[in-house]
Protein chains: 2
Amino acid sequence: MLDTNINQAGPDSAPEATERERGGLREELLQTAVDLFAARGFKGTSIRDIAKTLGVSVSVIYHYFGNKEGLWSAILDYSVKGLPARLEAALAGGGHALERFRRVLRAHLAASAHYQKESKIFLIDYDRMSAAGDQASKAIQKRVLDVYVGILEEMQAEGLVKSAQTKILAFNVLGVVNWYLRWYRPDGPLAPEEVYEEIVTFVLYGVIGTPPGRN
Amino acid sequence: MLDTNINQAGPDSAPEATERERGGLREELLQTAVDLFAARGFKGTSIRDIAKTLGVSVSVIYHYFGNKEGLWSAILDYSVKGLPARLEAALAGGGHALERFRRVLRAHLAASAHYQKESKIFLIDYDRMSAAGDQASKAIQKRVLDVYVGILEEMQAEGLVKSAQTKILAFNVLGVVNWYLRWYRPDGPLAPEEVYEEIVTFVLYGVIGTPPGRN
DNA sequence: TGCAGTCCAGAACGATCGTTCGATAGATGT
DNA sequence: ACATCTATCGAACGATCGTTCTGGACTGCA
């Protein structure tokens, strides 16, 4: 057997095309892992499942990511790890409190839609990782919560929010957003913007408790 | 070795106390499994973990539940499988639409608090079970959703709800309730009733979009 | 030409998984 | 007294898990 490493397809395929050149095996691994983790969970997905889906050896995963947790970490790196900064940026811009709250919420919804599977993975498995609980994952959750608690306290100081339990309000907002990425299907009947508007309205009325002004 | 099956504690323990008599091993297994499943997930918990926690052999799990999925099923049997009927009962009572909606929501919150870990297990793993997706679990989710969609459509017909997207509203409600059982800690500073009131208010304002009448 | 570095396959390792099986101690019924 | 049933143990099975290792093909640089 001389050609163990030659692409097995034969004459009709491009003569040289090791996975890497034809699009980056690393990215293919990430995408496949996201799909499988989202469908079966971290523990429910073996690295052999991922490798077999792409028709490659399991070694490539260790080559690119070190181990299985490294793969998980790499997924979070490009997706949810940027969420807190994104929300904090939306918060920092100008405008009155209500306007900024709305902007944060929209940014959150947009990020959840864009990294839907990644966020789902994160939310489902984040408190089951690395035995003692992944520290970084907990920090992400906390920073997101703090953004909401902060803006809600501002709104409360301005009399826009009547409830004193801003933390519970923040949890409720998180519940709506995090549930959204579990039920939303991009091929549904409504345009993404319509869904956003519906959710933003629900949350705004929920926290404010009275119809917001025309803007 | 003559005494392999005698309780190993010796003279200071009650002379006969096979686990079953001293409280029902079956119930102890269920409780232990709930704790571990909630903490590490279904796939992340081995039957040896469960057996070892109680200091018994793995065979007892097969004796009482047939296999690992039977254990999962038994947990759902006494907890979340009764949820749809409970909500439908709350819905069926008298009163106007808003009153019934509030009653359903309260029943849902109470059930989620009472079977907190069981509900958490159900929500996290329900779409990863038995390869093709557990049919019964999906049916539970659907019946709960239908209760909310139904009452919301009633409220919409009465002009209480302005949005036409009752399904999205229902999802939002489910998001709040299902997130509640992830963050709520019974030993927190607030009494359960205060938390309920806070959440009910948030949801009501969210779906109605205007301050509800005094009752 | 040689040599180091990168990329990948395939076999193998020990651990752990869900599950099965025979044995046994005690309770129950005849 | 004997047979049956229930509850439990401990050992074992094959499968699968995450991970490691060896080696080969290729690239880039001296």
Side-chain angles (χ1 to χ4, degrees), chain A residues 1-9 14-30 32-33 36-37 40-74 125 128-131, chain B residues 1-9 14-30 32-33 36-37 40-74 125 128-131:
Chain A
M1 304 305 178
L2 311 148
D3 57 347
T4 52
N5 199 22
I6 312 299
N7 25 350
Q8 69 284 26
E16 71 282 305
T18 149
E19 307 283 336
R20 170 171 157 269
E21 339 184 32
R22 74 148 216 265
L25 178 52
R26 202 188 118 100
E27 269 62 36
E28 289 189 87
L29 286 168
L30 283 173
T32 305
L36 293 181
F37 285 164
R40 315 178 195 168
F42 181 78
K43 286 274 189 179
T45 305
S46 76
I47 59 170
R48 281 179 179 81
D49 288 337
I50 300 169
K52 199 167 297 176
T53 300
L54 286 174
V56 299
S57 163
V58 295
S59 336
V60 296
I61 293 177
Y62 291 88
H63 175 65
Y64 285 112
F65 307 105
N67 55 30
K68 196 184 178 187
E69 282 214 17
L71 177 53
W72 156 277
S73 225
D125 285 328
R128 311 193 196 294
M129 293 300 298
S130 47
Chain B
M1 305 307 179
L2 311 149
D3 57 348
T4 51
N5 199 24
I6 312 297
N7 25 349
Q8 70 283 25
E16 71 281 303
T18 149
E19 307 284 334
R20 172 171 157 270
E21 339 184 33
R22 74 148 216 264
L25 178 52
R26 203 187 117 100
E27 269 63 36
E28 289 190 89
L29 285 168
L30 283 173
T32 305
L36 293 181
F37 285 163
R40 314 177 195 170
F42 181 79
K43 286 274 189 180
T45 305
S46 75
I47 60 170
R48 281 178 179 82
D49 288 338
I50 301 169
K52 199 167 298 177
T53 301
L54 286 173
V56 299
S57 164
V58 296
S59 332
V60 296
I61 293 177
Y62 291 88
H63 176 65
Y64 285 111
F65 306 106
N67 55 29
K68 196 184 177 187
E69 281 213 18
L71 176 53
W72 155 279
S73 224
D125 286 327
R128 311 194 197 292
M129 293 300 298
S130 45

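Quick note on labels: first sequence line is chain A, next is B, and so on, each numbered from 1. Here the structure is a predicted model, which means the values were calculated and not measured.
Taking A:S46 as the reference, A:D49 meet the side chain to side chain donor-acceptor pair (under 3.5 Å) condition, with sequence neighbours excluded. Residues satisfying the ring pair (Phe, Tyr, Trp, His ring centres under 6.0 Å) criterion with A:F65, sequence neighbours excluded, are absent altogether. For A:S59, the side chain to side chain donor-acceptor pair (under 3.5 Å) partners are A:S57, not counting sequence neighbours. Residues that satisfy the side chain to side chain donor-acceptor pair (under 3.5 Å) test with A:R48, not counting sequence neighbours, are absent from this structure. Under the ring pair (Phe, Tyr, Trp, His ring centres under 6.0 Å) criterion, A:Y62 pairs with no residue at all, not counting sequence neighbours.
For B:L25 and D:dA7, the CG to C1' distance is 9 Å, given to the nearest whole Å. Distance A:K52 NZ to C:dG10 P: 12 Å, rounded to the nearest Å. When rounded to the nearest whole Å, the span between CZ of B:F65 and P of D:dA7 equals 12 Å. If you measure from atom NZ of B:K68 to atom P of C:dT20, you get 14 Å, rounded to the nearest angstrom. Regarding B:E28, its CD atom lies at a distance of 14 Å from the C1' atom of D:dT8, rounded to whole Å. Protein atom OH of A:Y62 is 12 Å distant from nucleotide atom P of D:dC21, rounded to whole Å. Look at CZ on B:F42: it is 13 Å from P on C:dC17, rounded to the nearest Å. B:L29 places its CG atom 12 Å from the P atom of D:dA7, with the value rounded to the nearest Å.
The two atoms that bring A:L30 and A:A74 nearest to each other are CD2-CB, 3.9 Å, heavy atoms only.
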Identify each atom pair where a protein N or O and an N or O of nucleotides 12-16 of chain C are less than 3.5 Å apart, giving names and distance.
from	atom 1	to	atom 2	distance (Å)
C:dA12	N6	A:R48	NH2	3.2

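Sequence order on DNA chain D of the closest nucleotides to A:S59 and A:T45 puts A:T45 first from the 5' end.
Which of D:dA7, D:dT19, C:dT19 sits closest to the side chain of B:I47 comes down to C:dT19. Closest to the side chain of B:Y64, out of D:dC9, D:dT8, C:dA9, is D:dT8.
Within the structure, a side-chain polar atom (N or O) of B:H63 is placed less than 4.0 Å from OP1 or OP2 of D:dA7.
A 4.5 Å side-chain heavy-atom check between A:F37 and A:I50 finds at least one atom pair inside the cut-off.
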